[in-house]
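Just so it is clear, the model here is predicted, and its values are computed rather than measured.
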Amino acid sequence: MRSFIVAALVLTCAIAGKAQNTEPRIWQGVYTTDQAERGKTSFNSSCLRCHGDKLQGNTAPALSGDRFFTTWGNEPIASLFAKIRDTMPPNFGTSIDDQTKLDIVAYILQTNGYPSGAGELTQNGSDLATAQILKKGEQALVQNFSLVQAVGCLGRGPDNTWVLTRTSDPLVTRDDAPSPQSLASAATRPLGTRTFRLLSAKPFSPESHQGHKMEARGLIYSDAGDERLTLTSLMMMGACSE
C-alpha cells in the first residue's frame with residue numbers, strides 16, 4: 001500500500017509538472033522584482049509625463065490593459081523593447097541607456113500582471129527574443145494556415161525551389177509584414193533546426209538574398225516531412241554565420 005501511495009504521488013507530481021510546463025514562458029517569470037522596481041523608478045522620472053502614472057496613457061498610448069494587448073499581443077517581448085529602445089522618450093532631451101529601458105519593460109510587464117521570476121530579463125537572453133506577450137490562459141498555438149513569423153537561412157531547394165533552413169520555431173503574428181521594431185527584434189532570435197519550403201518567393205527576389213539570415217512571414221502548413229510557408233514578407237537581417 002505504501003508503495004502504491006508513493007507511486008501515485010510521483011505520478012501526480014509528474015502530471016502537475018507537465019501541466020506547469022505548458023504555461024507560456026511569459027507567465028513563468030521572465031524578470032525579477034528588483035528589476036521591475038528599477039524600471040518603475042526610471043519610468044516615473046522619464047515616461048510618466050506621457051504615459052500616465054498607471055501606464056493608462058496620456059499624450060502617448062496606454063501601456064497597460066486592452067490597449068497594451070491590442071498593440072503587443074502575440075509579439076515577442078523584444079518587439080516592445082525595440083520600440084522603447086529606438087524611439088523613447090521622444091524630443092525631451094532625455095538620454096536613457098538600453099539596460100534602463102529593459103528595466104522599464106520589466107515594469108510594464110509587472111503592471112500588466114505578469115509574474116516575476118528568479119532571473120532578470122537580459123538583452124542577450126532567449127526570453128527577450130522568444131517569450132510572447134499573451135493574456136492569462138492564452139496559448140500561442142501555431143495551427144496550419146496561421147500567419148507566422150520565422151527566422152532562418154535562405155537557400156535553394158530541389159527543382160528550383162527556395163527553402164528556409166536552420167529555422168526557429170515560428171511565432172504567431174498578426175501582421176503580414178514586420179515593423180522596423182519587429183524586424184530589429186527578429187534579428188536577435190537564434191536560429192533553429194527546422195526547414196521550410198517557401199512558396200510565392202519570387203516577388204521577394206530571393207536570388208539576391210541567398211545565404212542570408214531572413215525574417216519570413218506567411219501562412220504555415222506543417223505535416224510530417226512537409227513544412228511550408230506561403231510568403232507575405234521576406235526580409236534580410238544579415239549573414240547566416242551563427
Side-chain angles (χ1 to χ4, degrees), residues 21-22 24-26 28 30 72-83 85-86 121-134 138-242:
N21 289 339
T22 63
R25 176 63 188 128
I26 196 168
Q28 298 176 31
V30 297
W72 299 107
N74 287 315
E75 291 289 338
I77 299 170
S79 294
L80 173 62
F81 172 62
K83 174 69 173 178
R85 181 194 63 202
D86 297 342
L121 187 64
T122 65
Q123 295 182 57
N124 297 322
S126 61
D127 285 336
L128 185 66
T130 61
Q132 288 179 268
I133 297 171
L134 299 167
E138 186 179 23
Q139 294 287 336
L141 297 177
V142 181
Q143 300 176 330
N144 279 341
F145 310 112
S146 298
L147 183 63
V148 300
Q149 176 217 60
V151 173
C153 300
L154 183 63
R156 287 190 178 274
D159 301 323
N160 204 32
T161 60
W162 291 94
V163 294
L164 203 64
T165 63
R166 300 170 63 192
T167 304
S168 61
D169 288 335
L171 301 178
V172 174
T173 185
R174 294 168 300 169
D175 302 316
D176 56 12
S179 66
Q181 290 78 28
S182 293
L183 194 62
S185 70
T188 68
R189 290 185 62 192
L191 297 171
T193 59
R194 299 172 69 171
T195 296
F196 285 86
R197 182 159 58 99
L198 302 180
L199 307 181
S200 303
K202 186 175 181 181
F204 303 103
S205 304
E207 297 85 357
S208 60
H209 301 305
Q210 186 172 354
H212 287 121
K213 185 178 182 180
M214 309 293 291
E215 197 248 29
R217 297 192 179 211
L219 301 178
I220 188 172
Y221 179 83
S222 180
D223 199 1
D226 184 12
E227 293 201 303
R228 309 175 230 159
L229 287 178
T230 302
L231 293 175
T232 61
S233 172
L234 186 67
M235 300 192 71
M236 185 181 75
M237 298 181 298
C240 260
S241 56
E242 295 182 30

Any side-chain donor paired with an acceptor under 3.5 Å for Ser79 and Ser185? yes
Over all heavy atoms of both residues, which pair between Asn144 and Ser222 is shortest? Give the atoms and the distance, please. OD1-N, 2.7 Å
Arg217 backbone acceptor or donor facing Thr232 side chain under 3.5 Å: yes
With side chains defined as the heavy atoms from C-beta onward, is the minimum distance between Pro178 and Asp175 less than 4.5 Å? no
Mind checking whether Glu75 and Ser182 have side chains closer than 4.5 Å, heavy atoms only? yes
For the pair Ser205 (side chain) and Ser208 (backbone), establish whether a donor and an acceptor sit closer than 3.5 Å, ignoring hydrogens and angles. no
Answer yes or no: is there a side-chain heavy-atom contact under 4.5 Å between Lys202 and Trp162? no
Among Leu198, Leu154, Val151, which residue meets the side-chain contact (heavy atoms from CB on, under 4.5 Å) test with Met214? Leu154
Please tell me if the side chains of Asp226 and Arg197 come closer than 4.5 Å, counting only heavy atoms from C-beta onward. yes
In terms of heavy-atom contacts, Val148 and Leu229 come closest through CG2-CD2, 3.6 Å
Are any side-chain N or O atoms of Ser200 and backbone N or O atoms of Thr230, one a donor and one an acceptor, separated by less than 3.5 Å? no
Would you say the side-chain atoms of Asn74 pair up with the backbone N or O of Thr173, donor to acceptor, closer than 3.5 Å? no
Result of checking Leu219, Leu147, Leu231 against Asp176 for side-chain contact (heavy atoms from CB on, under 4.5 Å): Leu147
Is it the case that the side chain of Arg25 and the backbone of Val30 share a donor-acceptor pair, with hydrogens and angles ignored and the cut-off at 3.5 Å? no
Check: His209 and Phe204 side chains under 4.5 Å, non-hydrogen atoms: no
Atom pair CZ (Arg194) and OG (Ser168), whose distance is rounded to the nearest 0.5 Å: 9.0 Å
For a 4.5 angstrom cut-off between non-hydrogen side-chain atoms, does Arg156 reach Glu207? yes
